[in-house]
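A short write-up of the structure that comes next.
Each chain gets a letter, A, B and so on, in the order the sequences are listed, and its residues count up from 1. None of the values given here were measured: they were computed from a predicted structure.
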Amino acid sequence: MGRKRGLDRPCCQTVTPLPRSYDVVSMVRTRFAPSPTGYLHIGGVRSALFNWLFARHHGGQFVLRIDDTDQQRNVDEALAPILAGLKWLGIDWDEGPEVGGPHGPYHQSQRTEAYAAAVEQLLAGGFAYRDYARTEEIQAEREAAQAAKKSFVYSRRWMAETDAQAAQFEAEGRQAVVRLKTPHEGTLVIDDLVRGRVEFNWADEQDHVIQRADGSCLYHLATVVDEHDHQITHVIRAEEHLSNTPRQLFIAESLGYELPRFAHLPYVAEPGSKTKMSKRKIPKYIKNPEFAALYNHGLAIAERLGLETSEDVFNPVVTDFYEAVGYLPEAIVNYLLLLGWSLDDRTEDFSREAMIEAFTLERVNKAPASFDPNKLMAVQDRYMQRLSIDRKVELARPFLVGAGLLAASSDEAESDPRIAAVLEAAGDRIRVAGDILDFDDFFLADDALVYDEKAFAKRLGADEAQALLRDFATRLGDVDPFDAEATEACLRAFVEERGIKIGDLVHPIRLAVTGKAKGFGLFETLAILGRDAVLRRIELALTKAAAGT
RNA sequence: GGCCCCGUCGUCUAGUCAGGUCUAGGACACCGGCCUUUCACGCCGAUAACACGGGUUCGAAUCCCGUCGGGGUCACCA
């Protein structure tokens, strides 16, 4: 892409904004730059997704860069869940960790020489200076500015522009950091691809530190150098970086770089609020009924699986949550796409190809969008119901195994026809793969059934109900074949004979054979269980009922 | 507090740049009803929003000004 006309040096003058529309002349290159925190924030996924979509839409490249400037230990370990999450979601990168690329390295920790060289260049050009102020001295100035209700601007009192000055400060035992020599006047106009024209006054910008006394460099310097070296054309990132843009532009211009275009995305907000969503605020979000439903639904599944469920690892703000519970990555991606972006007033269903085709930054919303658990589930549901039974079996089996309801990977487990039968009968009641555990009763031993006590008392507490069930069980024993049609015919005949309502028997039977008050069709239930299990379970329930009264 | 951004149903949004066709459309949730052996699905229906105040205009959700509200950011974190 060509150099931006308005942002040529000097950048401290008012510039002419470019029109919001843009032409992509050369190869588009975008990037997602997570820092290795050990988890993939759902908001981060949204940023990654938009970068990825933009690149794919334009036939460009998507780069994954790792912002580990400040991390020393366990980078690989802290990075693994992030890479795994992106892969799970189908957000693939053309360059970066694991795949390499011609512009590497892609870890900031491996690029320190490039940063140091950039600092030297800024120093030589007079765009940065060595500063010998002590932390407390800066702090005092900052507080004074705040007290005066003005923007903090460093006095440059300990600035050393000559070797003599530096020597003098060093004689006082001071150490130098490198600061940007930010312009003090003029206006900077950013032509943001999402927000349009945004103006900043240089007078409000401060001389940010770009290199510490120990020679290590800070993020804003690093990111600018990286984006240049990686030839990033479009920096698409969260809105929280908007106010960092002036200093980054100053660095880039001072270094003579071609400038990328910027697009600042609104962040993903808390459910029912406009505050940025945070992983650490689960106790607060739980007070939101919809969020609580999402969380508890997942928690129940995770507990059945014996997963670690501390908030640190099991948390709906973190992508892993959805994988652990059995959401579909396509559904998560489709939902996230709609969070802050829309094509028109009605299209919501986007295949991977369709979203790539349709995605443009012009249609990204400016206002933050709050995370809506209900909508997520609705999208998930839609995707789930489209799956073939075979695919559902594939997805559900690991949950049965994980909950100890099915043998790990024996051939018997592989071919267990009950899974498909239950999935078929349960239909849309299975919204995430982990929901198969709601039908655990089909996989339990007859005497291991757990009864819904309240419902049991209601449906089987009375002597008449027990007697009815006992009589009907005798009839059931003769049904052949023992399938849904035959058992239904049998029950209907029996009911008519006795002059009772079908519900008088349906509910007690369901309770007796599944232990639950609700479930899918009773006759499908009986058929899947089979005659032996049904009769045994009825017997067991009657024994229990007799003992209870 | 300084700077910056944002503001349409509870939520996601369409409409705002090029003012009328918007008595503001769709989706999710909620509520009512139908279906029904329970639950779920499905179907039908209902409630529900242009933050406020001034302008400009024949006409404003759309343009201008102001107010209020919300958020982001002000690190030798990323």
Side-chain angles (χ1 to χ4, degrees), chain A residues 19-21 33-37 67-71 108 131 133 135 138-139 142 145-152 175 177-179 190 192 194-196 198-201 203-206 208-214 216-220 222-223 238-246 264 266-267 269 271-276 289-290 335 338-348 362 365-379 381 385 426-431 438 455 459 488 491 495 501-507 509-511 516-523:
Chain A
R20 199 173 169 215
S21 59
S35 71
T37 52
D67 284 8
D68 56 352
T69 301
D70 216 39
Q71 320 273 332
Q108 289 193 328
D131 178 52
T135 313
I138 291 288
Q139 188 56 27
R142 182 173 287 126
Q146 191 139 32
K149 300 190 177 185
K150 296 202 301 198
S151 294
F152 164 60
Q175 286 193 309
V177 298
V178 177
R179 285 184 187 276
I190 296 166
D192 191 279
V194 168
R195 326 197 83 87
V198 181
E199 275 186 45
F200 293 90
N201 290 313
D204 295 314
E205 296 296 316
Q206 45 180 306
H208 296 277
V209 173
I210 54 174
Q211 187 178 44
R212 300 184 183 91
D214 68 2
S216 61
C217 290
L218 276 80
Y219 170 77
H220 294 290
T223 195
E239 181 195 336
E240 61 202 84
H241 288 287
L242 182 55
S243 50
N244 298 328
T245 309
H264 287 94
Y267 46 85
S273 158
K274 291 297 179 200
T275 309
K276 186 166 68 179
E290 283 91 41
Y335 170 69
L338 266 15
L339 209 50
W341 180 88
S342 66
L343 175 63
D344 53 31
D345 61 342
R346 58 197 67 238
T347 316
E348 292 202 334
E362 275 105 336
N365 249 303
K366 294 194 220 180
S370 43
F371 180 79
D372 182 352
N374 282 329
K375 184 81 173 203
L376 203 212
M377 187 52 101
V379 174
D381 194 21
Q385 301 328 319
D428 52 47
R429 292 167 186 81
I430 307 273
R431 299 195 296 173
D438 286 346
R459 301 299 188 187
E488 175 163 8
L491 180 82
V495 159
K501 285 182 297 181
I502 194 165
D504 293 340
L505 214 32
V506 163
H507 297 297
I509 298 172
R510 183 190 302 286
L511 241 323
K516 298 181 171 75
K518 50 190 186 179
F520 50 76
L522 177 67
F523 306 110

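Checking the phosphate oxygens (OP1, OP2) of B/G72, no side-chain nitrogen or oxygen of A/Ser243 falls inside 4.0 Å. Under 4.0 angstrom from either OP1 or OP2 of B/C4 there lies no side-chain N or O belonging to A/Asn244. Distances shown here put every side-chain N or O of A/Lys149 at or beyond 4.0 Å from the OP1 or OP2 atom of B/G2. Residue A/Lys150 places no side-chain N or O under 4.0 Å from the OP1 or OP2 atom of B/C3. For B/C12, the OP1/OP2 oxygens have a side-chain nitrogen or oxygen of A/Ser370 closer than 4.0 Å.
Nucleic acid contact class of A/Val177 (heavy atoms, under 4.0 Å, all strands): base. Using a 4.0 Å heavy-atom cutoff across all strands shown, A/Lys276 reaches sugar-phosphate atoms only and no base atom. Nucleic acid contact class of A/Glu205 (heavy atoms, under 4.0 Å, all strands): none. Nucleic acid contact class of A/Gln146 (heavy atoms, under 4.0 Å, all strands): base. Note on A/Ser216: nothing from the nucleic acid sits closer than 4.0 angstrom, heavy atoms only.
With values rounded to the nearest 0.5 angstrom, A/Glu290 atom CD is found 10.5 Å from A/Ser370 atom OG. To the nearest 0.5 Å, the span separating CD1 on A/Ile210 from OG on A/Ser216 amounts to 11.5 Å. Annotation: the span from A/Asp438 atom CG to A/Lys518 atom NZ amounts to 8.5 Å, rounded to 0.5 Å. Note: A/Asn365 CG to A/Leu339 CG = 10.0 Å, rounded to the nearest 0.5 Å.
Residues A/Ser35 and A/Asp67 have side chains that never bring a donor and an acceptor to within less than 3.5 angstrom of each other.
Candidate nucleotides B/A78, B/G72, B/C76 were compared by shortest atom distance to the side chain of A/Val209, and B/C76 ranks first. Nearest to the side chain of A/Ala369, among B/C12, B/C77, B/A27, sits B/C12. Residue A/Thr69 places its side chain closer to B/A78 than to any other of B/C5, B/C3, B/A78. The listed nucleotides are B/C5, B/A75, B/C4; the one nearest the side chain of A/Arg142 is B/A75. Looking at the side chain of A/Gln206, the nearest of the listed nucleotides B/A78, B/C74, B/C12 is B/C74.
Counting non-hydrogen atoms of neighbouring residues, nucleotides and ligands closer than 6.0 angstrom, the CD atom of A/Gln175 reaches no more than 12 such neighbours.
The aromatic rings of A/Tyr335 and A/Phe371 lie perpendicular to each other, with more than 60° between the two planes, well past the 30° mark.
Classification of A/Lys375 and A/Glu348 as a salt-bridged pair holds, one side-chain N sitting under 4.0 Å from a carboxylate O. Under a 4.0 Å N-O distance rule, the pair A/Arg431/A/Asp381 does not qualify as a salt bridge.
The separation of B/A61 from B/A24, taken at their P atoms, amounts to 11 Å, rounded to a whole angstrom. Straight-line distance between the C1' atoms of B/A51 and B/C43: roughly 37 Å, to the nearest whole Å. Going from the P atom of B/G59 to that of B/C3 covers 37 Å, rounded to whole Å. The C1' atoms of B/G70 and B/C52 are separated by 15 Å, rounded to the nearest whole Å. Taking atom P in both B/C65 and B/C50, one finds a spacing of 23 Å when rounded to whole Å. Taking atom C1' in both B/C4 and B/U47, one finds a spacing of 38 Å when rounded to whole Å.
Stacking between A/His220 and the base of B/A78 is absent under the criterion of ring centres within 5.5 Å and planes under 30 degrees.
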Give the B/S/- string for nucleotides 63-68 of chain B, one per nucleotide from 5' to 3', where a protein heavy atom under 4.0 Å of the base yields B, of only the sugar-phosphate yields S, and otherwise -.
------

Encode nucleotides 29-46 of chain B as B, S and - characters from 5' to 3', where the letter depends on protein heavy atoms closer than 4.0 Å: B to the base, S only to sugar-phosphate, - to neither.
S-------BBBBS-----

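Residues A/Tyr335 and A/Ala213 each lie close to RNA chain B; by heavy-atom proximity, the contact nearer the 5' end of the strand is made by A/Tyr335. When the nearest nucleotides of RNA chain B are assigned to A/Thr275 and A/Leu218 by heavy-atom distance, the more 5′-ward of the two goes with A/Thr275.
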